[in-house]
There are 2 protein chains.
Amino acid sequence: MADDTRERLLRAATEVFAEKGYAAATVREICTRADANVALINYYFGDKLALYEQVLRDVVAADPARAPGLLGASPEEGLRVIIGTMLEKASEARGNSSLRYRLMMHEFSHPSEGTVRMLEITMRPVYDKLRTLVSAISGLPATHDHVRLCVHSLLGQVAHFAHSGPIMEALWPEMKLTAEQRKMVAEHIAGSMLVYLRETSPAAHL
Amino acid sequence: MADDTRERLLRAATEVFAEKGYAAATVREICTRADANVALINYYFGDKLALYEQVLRDVVAADPARAPGLLGASPEEGLRVIIGTMLEKASEARGNSSLRYRLMMHEFSHPSEGTVRMLEITMRPVYDKLRTLVSAISGLPATHDHVRLCVHSLLGQVAHFAHSGPIMEALWPEMKLTAEQRKMVAEHIAGSMLVYLRETSPAAHL
DNA sequence: TGCGCCATAAAACATCAGTATAAAACAGCC
DNA sequence: GGCTGTTTTATACTGATGTTTTATGGCGCA
């Protein structure tokens with residue numbers, strides 16, 4: 001039952017971290033959900049942070065930034081797909097692949113002790129992928145300030161729509177990120193960026 | 001010395017809340033900074049939340065959303081000014097007027113127990129002002145989904161650039177929101193939104 | 001059977017949070 | 001000076017957190 005318990009702990013930890021972020025998650029809740037004793041987290045992983053890193057490592061075993069349907073698509077379509085995927089995965093309930101995005105977006109809007117690890121492990125690939133896409137669309141090098149600004153704008157917007165529950169509730173109660181609304185938001189974010197990139201790309205100034 | 005101590009507590013609380021947000025701020029740090037005893041917060045204000053609300057009430061006595069130079073300007077200019085002001089104030093060190101924005105943006109990216117009060121008191125005016133501006137530029141009613149989406153995009157981007165320190169540091173170390181960079185970011189956020197609004201406004205489809 | 005090891009459990013521990021209390025210090029006024 | 005109410009202090013309480021310790025149960029194996 002040893003490995004079994006370890007697995008249960010990992011699974012529970014993944015859920016709780018994805019739901020609440022690193023700081024707000026408590027080892028006691030994780031253990032309760034895993035039907036395990038509080039001491040077992042330290043027994044198996046050392047401490048809370050090490051558990052978190054293990055969760056990240058496990059969950060990242062999945063695709064880094066290769067959303068299905070992204071291969072062969074135009075950069076424009078790629079942008080739409082990746083934004084849509086992030087939003088969708090960030091608001092889905094569970095399912096191993098979506099937890100990855102929930103973790104990512106949670107840490108993104110609630111930076112914490114574990115954030116730096118998380119960033120390097122899970123965010124970097126997405127960030128770089130987005131830069132590649134924006135670079136291809138705009139015709140600018142991926143290191144250009146303009147490209148970086150656009151990518152951060154995208155990430156900032158996604159994080160906001162996906163993870164500022166209380167704010168949304170207060171300012172726009174109808175926005176609950178239903179499947180329909182998610183599509184609308186994704187199209188808004190990707191669409192507005194594409195319009196902007198088209199207008200400001202060097203090609204537009206011929 | 002009574003009112004004096006109360007004032008010191010309020011000032012210290014404003015600083016600490018602005019720096020760390022409601023949740024991460026501790027009454028002990030506030031009292032230390034104010035050179036006061038831990039018990040005095042409860043003596044003067046009741047509890048931490050009441051202190052926070054008092055800070056909000058005080059700090060909001062300033063302008064709600066009337067940045068200087070906003071009167072009489074075109075909606076487009078208004079948008080640029082308000083975005084620039086938010087970014088600028090959010091990253092300034094202190095000065096009573098800037099604390100307001102730091103509080104706002106902090107709570108915005110780290111929703112907490114005090115968030116709802118905060119939102120209604122300080123965010124709502126900015127939110128409504130932005131909606132008015134976007135509405136005027138786009139020609140759509142301020143309640144339209146398109147307008148709301150745009151405003152949330154703006155707020156999300158500002159919050160991100162102003163308050164996701166660890167993320168920025170990891171992904172874009174050179175971006176430190178210096179005065180120069182702030183101008184660039186503000187122009188990016190406002191400028192891209194204006195391009196988008198121009199392209200999608202009903203007038204563009206004649 | 002008894003030894004040893006691994007997994008689990010129960011409980012304790014240390015720390016830090018917000019809060020409460022009771023006594024001390026102080027101020028104003030007769 | 002001495003009373004009275006207000007302000008301040010030192011300290012303790014309560015609860016939550018991450019962590020550690022100590023004990024217990026099961027199981028293979030000589």
Side-chain angles (χ1 to χ4, degrees), chain A residues 1-58 103 106-107 110-118, chain B residues 1-58 103 106-107 110-118:
Chain A
M1 277 300 158
D3 280 6
D4 189 48
T5 307
R6 217 189 99 105
E7 277 316 305
R8 285 206 318 278
L9 277 172
L10 267 176
R11 204 171 3 243
T14 311
E15 285 182 24
V16 176
F17 283 136
E19 281 170 25
K20 318 207 170 183
Y22 177 78
T26 71
V27 302
R28 277 177 172 82
E29 171 164 9
I30 292 170
C31 291
T32 302
R33 261 200 231 193
D35 244 320
N37 188 278
V38 253
L40 292 185
I41 281 184
N42 303 274
Y43 177 71
Y44 280 114
F45 305 97
D47 61 8
K48 185 187 173 187
L49 189 57
L51 169 61
Y52 186 63
E53 288 172 21
Q54 190 54 50
V55 164
L56 290 183
R57 249 176 266 122
D58 282 11
L103 276 166
H106 214 299
E107 215 54 35
H110 293 66
S112 76
E113 200 180 339
T115 302
V116 175
R117 313 286 170 118
M118 135 65 68
Chain B
M1 276 302 179
D3 279 7
D4 188 47
T5 306
R6 217 188 98 106
E7 278 316 305
R8 284 205 319 277
L9 277 173
L10 267 176
R11 206 175 357 249
T14 310
E15 285 182 25
V16 176
F17 283 136
E19 281 169 24
K20 318 207 169 183
Y22 176 77
T26 70
V27 303
R28 279 178 170 82
E29 171 163 9
I30 293 170
C31 290
T32 302
R33 259 200 231 191
D35 245 318
N37 188 277
V38 251
L40 291 184
I41 280 184
N42 304 275
Y43 177 72
Y44 280 114
F45 305 96
D47 61 10
K48 185 186 174 189
L49 189 56
L51 168 61
Y52 185 62
E53 289 173 22
Q54 189 56 49
V55 164
L56 290 183
R57 247 175 269 123
D58 282 11
L103 276 165
H106 213 298
E107 214 55 34
H110 293 65
S112 76
E113 200 180 342
T115 302
V116 174
R117 313 286 171 117
M118 135 65 67

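The sequence lines fix the lettering, A, B, ..., with proteins before strands; numbering per chain opens at 1.
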Worksheet item: Does B:Tyr43 have a side-chain nitrogen or oxygen under 4.0 Å from the phosphate oxygens OP1 or OP2 of D:dT7?
Response: yes
Practice prompt. Nearest whole angstrom, please: distance from the P of D:dC13 to the CG of B:Asn42.
Written response: 17 Å
Discussion item. Show the nearest heavy-atom pair for residues B:Ala12 and B:Ile30, with the distance to one decimal.
Written reply: CB-O, 3.6 Å
Worksheet item: Closer than 4.0 Å, any side-chain N/O of B:Thr5 to the OP1 or OP2 of D:dT8?
Response: yes
Discussion item. Does any part of the side chain of A:Arg6, heavy atoms only, come nearer than 4.5 Å to the side chain of A:Phe45, both counted from C-beta?
Written reply: yes
Worksheet item: Looking for any heavy atom pair under 4.0 Å, which part of the strands does A:Ala25 touch: base, sugar-phosphate only, or nothing?
Response: sugar-phosphate
Discussion item. How many whole angstroms separate atom CZ of A:Arg28 from atom C1' of C:dA10?
Written reply: 12 Å
Worksheet item: Should B:Cys31 and B:Ile41 count as side-chain neighbours, where that means a heavy-atom distance under 4.5 Å?
Response: yes
Worksheet entry | Given C:dG18, C:dT8, D:dT17, the nucleotide with the shortest approach to the side chain of A:Thr26 | D:dT17
Practice prompt. Measure up the B:Tyr22 and B:Phe17 rings against each other and bin them: parallel (under 30°), tilted (30 to 60°), perpendicular (over 60°).
Written response: parallel
Practice prompt. State plainly whether the residues B:Arg11 and B:Glu15 are in salt-bridge range, i.e. N to O under 4.0 Å.
Written response: no
Discussion item. Whole angstroms only, please: what is the CZ-C1' distance between A:Phe17 and D:dG18?
Written reply: 12 Å
Discussion item. If you only use heavy atoms from C-beta on, which nucleotide in C:dG18, D:dT21, C:dT8 is closest to the side chain of A:Ala39?
Written reply: D:dT21
Worksheet item: Expressed in angstrom and rounded to an integer, what is the separation of B:Glu7 atom CD from D:dT7 atom C1'?
Response: 16 Å
Worksheet item: Rounded to whole angstroms, how far apart are CZ on A:Arg6 and P on C:dC6?
Response: 16 Å
Worksheet item: Of all heavy-atom pairs between B:Asp35 and B:Arg8, which one has the smallest distance, and what is that distance?
Response: O-NH2, 3.4 Å
Worksheet, complete the sentence: Checking D:dG18, D:dT8, C:dG18 against the side chain of A:Lys48 (C-beta onward), the nearest is D:dG18
Fill in: Axis-to-axis angle between the two ends of the helix from C:dT1-D:dA30 to C:dC16-D:dG15 (five base pairs per end, rounded to 10 degrees)
30°
Item to complete: Give the rounded distance in Å between these two atoms: CZ of B:Phe45 and P of C:dA20.
Response: 16 Å
Practice prompt. Quick one: closest heavy-atom pair of A:Asn42 and A:Val38, and the distance?
Written response: ND2-O, 3.8 Å
Worksheet item: In whole Å, what is the span from the CD1 atom of B:Ile41 to the P atom of C:dA20?
Response: 13 Å
Worksheet item: Is there a donor and acceptor pair closer than 3.5 Å between the side chain of B:Asn37 and the base of D:dA10?
Response: yes
Worksheet, complete the sentence: Separation of C:dA24 atom C1' from B:Leu40 atom CG, nearest Å, is 14 Å
